[in-house]
Structures are given as C-alpha cells and as structure tokens.
Protein chains: 2
Amino acid sequence: MVRSKNGEAALEPPKKLQIIEAAFSLFRKNGFYATGVDLIMQKAGVSKRTLYKYFPTKNDLIVAVLNHYRIVYEKYLNQILKQKDKTSRRKILEIFDDAEQWFEDINFHGCLAVNAMGEFSGKNQAIEDSCIRFKRWEIDILRSLTKDINSARADELAYKLFVLLEGMSSIAQVTKGACPFDMTAMANEIIERHTP
Amino acid sequence: MVRSKNGEAALEPPKKLQIIEAAFSLFRKNGFYATGVDLIMQKAGVSKRTLYKYFPTKNDLIVAVLNHYRIVYEKYLNQILKQKDKTSRRKILEIFDDAEQWFEDINFHGCLAVNAMGEFSGKNQAIEDSCIRFKRWEIDILRSLTKDINSARADELAYKLFVLLEGMSSIAQVTKGACPFDMTAMANEIIERHTP
DNA sequence: GACAATGTATACCGATCGGTTTATCTTGAT
DNA sequence: ATCAAGATAAACCGATCGGTATACATTGTC
C-alpha cells in the first residue's frame with residue numbers, strides 16, 4: 001500500500017497546493033483578516049510547521065493565493081480562447097454568459113483581488129501589486145479579443161466591456177440578487193456599436 | 001473660558017458623531033477588521049467607556065458608520081438634485097463628473113459598502129443589510145432621475161448607469177490610475193442612446 | 001535495522017483583539 | 001460648597017491572533 005500511496009502522491013497536488021487551495025476557498029468566503037492560519041491548516045489537512053515552511057508569513061500565503069486565483073481564471077479562459085472555430089466576439093459573449101451565472105451563484109463573493117485591495121490597501125505592497133497585476137491581466141485578455149473586432153478602437157472597447165464586467169460583479173456581490181437585466185445582451189450591444 | 005467652551009460644545013457634533021466620523025475615516029482607509037477600537041477612540045478623542053456606551057459592540061458601530069456613509073452621500077446628492085434650473089440629464093452628468101474626480105483621488109479606497117460586504121458577507125446580517133440597503137438606495141436615486149429622461153425605460157437606463165459607476169469605482173480602487181477614458185462621456189452616450 | 005528527513009500534533013510565545021471594570025476628575029445644578 | 005452625573009484614563013479580562021519551538025510518529029534509503 002506504500003507503493004500505491006506514492007503513486008497517488010505523485011499525481012495529487014503537493015502540500016503547498018493543498019494549502020493554497022484551502023486558503024483560497026476560505027479567503028473567498030470569509031475574507032482575509034477574518035480567516036486565521038489555524039483554520040487554513042486544518043482545512044488543508046496540514047500541520048502548522050508545514051504551512052510556515054512553504055509560506056513564511058500569512059501575507060506571503062495571501063500573495064500566493066492571489067496568483068493562484070489568476071491561474072485558475074487563466075485555465076478557464078484558455079478553454080474559451082483556444083476554440084479555433086469561434087469568433088472573438090462569440091468568445092467574449094461566452095465569457096459574459098459564464099460570468100452572469102457565477103454572479104448569480106449563492107457562493108459568489110466578488111472578485112478576490114478587489115476584496116484584497118479593500119483590506120490591504122496602503123498596508124502591504126506585495127499584495128497590492130498582486131491585485132493590480134490581476135486587473136491589468138484581465139483587461140489585457142479582453143484587449144487581445146477586441147483587437148479582432150475593431151483594432152483601431154480595441155482599447156476603448158475592451159475597457160467598456162471591463163467596466164461592465166466589474167460593475168456587475170460588485171453589484172452582484174452586494175445585492176446578491178439576480179441581474180435585473182441581461183448582461184450578455186449589454187455586452188453584445190457594446191460590441192455591436194464598436195463593430196466597423 | 002468655561003463659558004466659551006460650553007458655547008462651542010453646543011455647536012460641535014456630539015460625541016456619538018465624533019466617534020462615527022473617526023471610525024468612518026479609519027474604516028475607509030484601513031478596512032474594518034484591521035481597525036481596532038482603541039485606535040478609533042483615540043482618533044475620536046473619546047474614552048473607551050463612552051464609545052461602548054453609544055455602541056455596545058464594534059459591529060454596531062460599523063452599521064452606524066455605513067448609515068453615516070449614506071447620509072454624507074445623501075447630503076452631497078441633494079445639493080445636485082435640488083437645482084431647479086438643471087435637467088435631470090445634466091444632474092446625472094454632474095454626478096459622474098464628480099465621481100470621476102473622486103476615483104482619481106489618491107485617498108479613494110472604493111465603496112465602503114462593497115468593502116464591508118467583502119469582509120462581513122455571511123457573518124453579520126445587520127452589516128449585510130446595511131450594505132444592501134445602500135446599493136438599493138443608490139440605484140433608486142438614479143432611477144428618480146432617469147424617469148425624467150425616459151420613463152418607459154427608466155429602470156434599464158438607471159441600471160446601466162449604475163453598472164458604469166460601480167465598475168469604474170472598482171477599477172479605480174484597484175488600479176489607482178487615472179481613468180483611461182472619459183467616464184462622463186460614456187454616461188452621456190448611454191443617456192443619449194436611451195433618450196426618445 | 002539504522003538513520004536522516006519530513007510531517008504531525010501540540011504546547012507555547014508575545015501581541016493584540018473586543019470588551020469590562022475601577023478609580024479619578026470635571027462639570028452643572030442646587 | 002456640595003453632590004450627583006458623566007466623562008476620562010488606565011488597568012484588566014479572556015480569547016484569539018500570527019508565529020515558534022518541542023516532542024513524537026512516519027517514511028524512504030542504505
């Protein structure tokens with residue numbers, strides 16, 4: 001059984017990833033300050049010593065979680081972006097369609113980077129930088145798509161779509177109600193208006 | 001000098017308001033969990049006993065601060081809304097103009113209700129309710145103005161403007177950079193498109 | 001079977017948290 | 001001048017925080 005355990009261990013994520021994923025779900029649900037390291041190590045099934053071996057401070061773990069957040073997002077986006085048979089416009093609308101569903105999920109608690117900035121703004125530069133990088137990356141993705149729609153006004157279109165996405169996210173986080181209007185249709189209108 | 005002190009005391013806000021205002025600025029800058037009651041009482045120039053007389057728990061103070069946040073916002077909005085010589089459209093654009101300046105301010109840290117929801121979602125019902133009420137109130141104000149522009153589609157127009165406002169707020173909070181596009185012009189475009 | 005490495009469990013640390021209590025001082029009304 | 005009210009300052013409380021240190025169990029390698 002030792003051998004089989006080893007085989008599994010090679011496939012299952014290492015402890016470091018376990019910790020990040022446990023912290024990720026706890027931070028998202030309960031916030032950063034409100035989540036203690038004891039709870040994280042308990043949920044990760046890992047001792048405190050191991051946790052502090054991989055992450056010398058809690059803030060280091062937070063930075064790692066924010067990076068993980070982007071990687072998870074990236075994996076999802078790549079599934080959409082790699083579809084060769086779809087136009088950039090359709091890809092964008094697909095992103096908005098999925099986002100609309102997320103926002104209606106009872107377990108949606110807003111963008112982790114926005115929440116982190118609300119708790120650590122002016123307090124921890126590394127965390128702030130992570131958040132800023134995340135948002136810049138988000139709009140870069142959108143811009144890479146809007147370039148195919150209207151290369152001359154790609155920046156403007158990407159930014160307008162981004163504002164729509166962020167606005168809906170914030171509103172959904174607070175009001176927790178279903179969107180009173182069709183977000184994807186809104187995105188489609190904006191794209192329509194910027195299509196030459 | 002005792003008499004002059006008394007005279008001033010009658011005009012200056014009572015201790016309760018001092019506490020709320022001190023907590024307001026601290027919560028906005030440093031977040032809720034990260035701000036201890038000791039710092040609040042120190043900044044308010046008030047003893048701990050007095051603070052706990054007016055607010056039995058810290059969460060009670062947070063709710064009061066969120067209500068205060070709405071009242072401050074309301075006072076500002078009333079200055080705009082009461083101008084009889086301006087159209088509702090101009091009033092909306094004025095709101096967006098001011099918002100754009102706020103967002104570029106170095107001391108802007110996002111919407112307090114959004115930040116509070118990020119820290120207390122699923123933890124404190126009273127705080128959550130305060131945040132939800134705040135957002136509902138915001139969109140109600142917008143709807144009261146869009147009714148004058150297009151009564152048939154007032155809800156839709158108000159919501160679109162609200163999404164724009166919230167989206168810009170979130171983006172500004174994280175990226176801390178100047179808006180790359182003219183937000184008021186965007187609002188104007190939206191209104192234009194919904195004007196019959 | 002021995003050994004070093006690694007992980008776990010847990011006790012512990014000082015600091016700080018939200019909140020209470022006590023003791024002192026100021027104040028306004030009589 | 002006195003006295004009760006209400007404020008302050010500060011000690012204090014138990015709990016929890018992030019983080020460290022210790023003791024024990026498990027593991028792969030030789």
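A, B, ... follow the sequence lines: proteins, then strands. Residue 1 opens every chain.
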Which whole-number value in Å describes the distance from A/Asn59 CG to D/dC17 C1'? 13 Å
Any side-chain heavy-atom pair from A/Leu112 and A/Val65 closer than 4.5 angstrom? yes
Does B/Lys135 reach the main-chain N or O of B/Ala113 with its side chain, forming a donor-acceptor pair under 3.5 Å? no
Atom CG of A/Leu39 and atom C1' of D/dC17 are separated, to the nearest Å, by 13 Å
Separation of A/Leu51 atom CG from D/dG19 atom P, in whole Å? 10 Å
Can the ring centroids of A/Tyr33 and A/Phe120 be said to lie less than 6.0 angstrom from one another? yes
Inspect the surroundings of NZ in A/Lys29 and state if more than 12 heavy atoms from other residues, nucleotides or ligands are less than 6.0 Å away. no
Is it the case that A/Gln125 and A/Asp129 place a side-chain donor and acceptor less than 3.5 Å from each other? yes
Indicate yes or no for a side-chain donor-acceptor contact from B/Thr195 to the backbone of B/Ile191 under 3.5 Å, with no hydrogens or angles considered. yes
Let me know the distance between CE of A/Met41 and P of D/dG19, rounded to the nearest Å. 14 Å
B/Ser47, nearest nucleotide to its side chain (from C/dT8, C/dT6, D/dA9): D/dA9
Length of the line joining A/Gln42:CD and D/dT16:P, which is rounded to integer Å: 13 Å
Is any side-chain N of the basic residue among A/Glu192 and A/Arg89 closer than 4.0 Å to the acidic one's carboxylate O? yes
Heavy-atom nearest nucleotide on DNA chain C for A/Thr50 versus B/Tyr33: which residue maps closer to 5'? A/Thr50
Will you find, in the side chains of B/Thr35 and B/Asn30, an N or O donor that is under 3.5 Å from an N or O acceptor? no
Taking the minimum atom-to-atom distance to the side chain of B/Lys58, which one of D/dT8, D/dG18, C/dG18 wins? C/dG18
In whole Å, what is the span from the OH atom of B/Tyr54 to the P atom of C/dG18? 21 Å
To the nearest angstrom, the CG-C1' distance between A/Asp60 and D/dG19 comes to 13 Å
Per the under-4.0 Å heavy-atom filter, residues of residues 124-131 of chain B near DNA chain C come out as none
Donor-acceptor under 3.5 Å (A/Asp148 side chain, A/Ser88 main chain): no
Would you list the protein and nucleotides 20-23 of chain C atom pairs, both N or O, that sit under 3.5 Å from each other?
| unit_1 | atom_1 | unit_2 | atom_2 | d |
| --- | --- | --- | --- | --- |
| C/dT22 | O4 | B/Arg49 | NH1 | 2.9 |

Rounded to whole Å, how long is the line connecting atom CG of A/Leu26 with atom C1' of D/dG18? 16 Å
What nucleic acid atoms does B/Phe32 come within less than 4.0 Å of, heavy atoms only: base, sugar-phosphate, or nothing? nothing
Establish, with yes or no, whether the OP1 or OP2 oxygen of C/dT6 is under 4.0 angstrom from a side-chain nitrogen or oxygen of A/Lys15. no
